[in-house]
Amino acid sequence: MAEKNSSDVILNMMTKNLDQARGAMTNYLEFISKSMSVVPMGQSSQANALKGYVDRNVQATFDFSQQLLHAKDFQDVVRIQTEFLQTQFRVLTDQAKDVVEMTHPTVIVPSDG
């Protein structure tokens, strides 16, 4: 019984720490966003897209951490981590494609006339 109570205490403490870290990261990202808004490039569609990528990636990492806190056993940890890595690989691949498209200069072909 004491073991169950101590594991609950540890889980609660870790959950609280994770929530505090999430809040601190949210504040930091808001600070960066406000700082970027005062520079000319900071309000561009590319900057907004990159900020969105960072926000989503940070959120996914905190969600992953939350899932790990509630893993039942080692197999569950492996499953959660495998799913997270597979998802992040797909997301990062898509984001990289988007960034290449955003930064790729438009080619202007002169007309023959």
Side-chain angles (χ1 to χ4, degrees):
M1 184 72 173
E3 184 176 315
K4 179 67 173 163
N5 287 338
S6 64
S7 64
D8 287 344
V9 168
I10 291 170
L11 180 61
N12 288 338
M13 183 174 56
M14 291 175 70
T15 300
K16 184 177 178 180
N17 288 342
L18 185 60
D19 289 342
Q20 288 175 343
R22 187 186 309 252
M25 183 58 76
T26 298
N27 289 339
Y28 176 71
L29 292 174
E30 287 174 5
F31 170 76
I32 295 296
S33 180
K34 288 177 184 176
S35 298
M36 286 180 63
S37 68
V38 298
V39 297
M41 186 73 177
Q43 291 300 325
S44 69
S45 62
Q46 291 93 350
N48 288 331
L50 292 174
K51 182 191 173 301
Y53 296 153
V54 170
D55 290 344
R56 285 190 294 276
N57 293 339
V58 167
Q59 181 64 40
T61 302
F62 278 113
D63 292 346
F64 165 67
S65 299
Q66 188 70 36
Q67 289 177 338
L68 283 179
L69 284 177
H70 298 285
K72 295 174 183 77
D73 54 26
F74 184 71
Q75 285 181 322
D76 206 20
V77 168
V78 171
R79 179 191 57 77
I80 291 167
Q81 183 158 3
T82 301
E83 289 173 0
F84 173 74
L85 291 174
Q86 288 172 342
T87 300
Q88 284 305 103
F89 183 74
R90 283 191 304 272
V91 167
L92 293 174
T93 300
D94 291 343
Q95 289 174 354
K97 288 177 187 176
D98 289 347
V99 169
V100 167
E101 288 177 16
M102 279 190 290
T103 59
H104 192 270
T106 304
V107 177
I108 300 173
V109 179
S111 62
D112 291 338

**Message:** Listing request: all ring pair (Phe, Tyr, Trp, His ring centres under 6.0 Å) pairs with a residue in residues 28-75, at least two apart in sequence or in separate chains.
**Reply:** Phe64-Phe84
**Complete:** Value for CD (Gln95) from CG (Leu50), rounded to nearest 0.5 Å, stands at 9.0 Å
**Prompt:** CD/Gln81 to CD/Gln67 distance, rounded to the nearest 0.5 angstrom?
**Reply:** 11.5 Å
**Message:** How about CD on Gln20, more than 12 heavy atoms from neighbouring residues, nucleotides or ligands closer than 6.0 Å, or not?
**Reply:** yes
**Prompt:** For Lys51 and Asp55, which heavy atoms make the closest approach, and how far apart are they?
**Reply:** NZ-OD2, 2.7 Å
**Request:** Take Lys97 and Thr93 through the side chain to side chain contact (heavy atoms under 4.5 Å, CB included) test and state the conclusion after the steps.
**Result:** CA-CA 6 Å; Lys97 288 177 187 176; Thr93 300; 3.9 Å; yes
**Straight-line distance of Ile10 CD1 to Asn5 CG, nearest 0.5 Å** = 11.0 Å
**Item:** For Asp19, salt bridge (charged side-chain N to carboxylate O under 4.0 Å, His left out) partners two or more places apart
**Value:** none
**Message:** Taking salt bridge (Lys or Arg N to Asp or Glu O under 4.0 Å) as the cut-off, I'd like each qualifying pair that reaches into residues 25-34, sequence neighbours left out, listed once.
**Reply:** none
**Request:** Using the test salt bridge (charged side-chain N to carboxylate O under 4.0 Å, His left out), find all partners of Asp94 that sit at least two apart in sequence or belong to another chain.
**Result:** none
**Prompt:** How would you list, by chain and number, every residue that makes a salt bridge (charged side-chain N to carboxylate O under 4.0 Å, His left out) with Arg79, sequence neighbours excluded?
**Reply:** Asp76, Glu83
**Message:** Quick check: closest heavy atoms across Asn57 and Gln88, and the distance to 0.1 Å?
**Reply:** OD1-NE2, 3.7 Å
**Request:** Report yes or no: do Val58 and Met36 belong to one cluster of Ile/Leu/Val/Met/Phe/Trp/Tyr joined by side chain heavy-atom distances under 4.5 Å?
**Result:** yes
**Message:** Please enumerate all residues that pass side chain to side chain donor-acceptor pair (under 3.5 Å) together with Gln59, with sequence neighbours excluded.
**Reply:** Asp63
**Asked** Has the side chain of Ser33 got a donor or acceptor atom that lies under 3.5 Å from a matching backbone atom of Leu29?
**Response** no
**Message:** Using 0.5 Å steps for rounding, measure from the CE atom of Met13 to the CG atom of Asp8.
**Reply:** 12.0 Å
**hydrophobic_cluster_shared for Val77 and Leu85, side chain cutoff 4.5 Å** = yes
**Request:** Starting from the C-alpha separation in whole Å, work towards a yes-or-no answer on side chain to side chain contact (heavy atoms under 4.5 Å, CB included) for Val99 and Gln46.
**Result:** CA-CA 8 Å; Val99 169; Gln46 291 93 350; over 6 Å; no
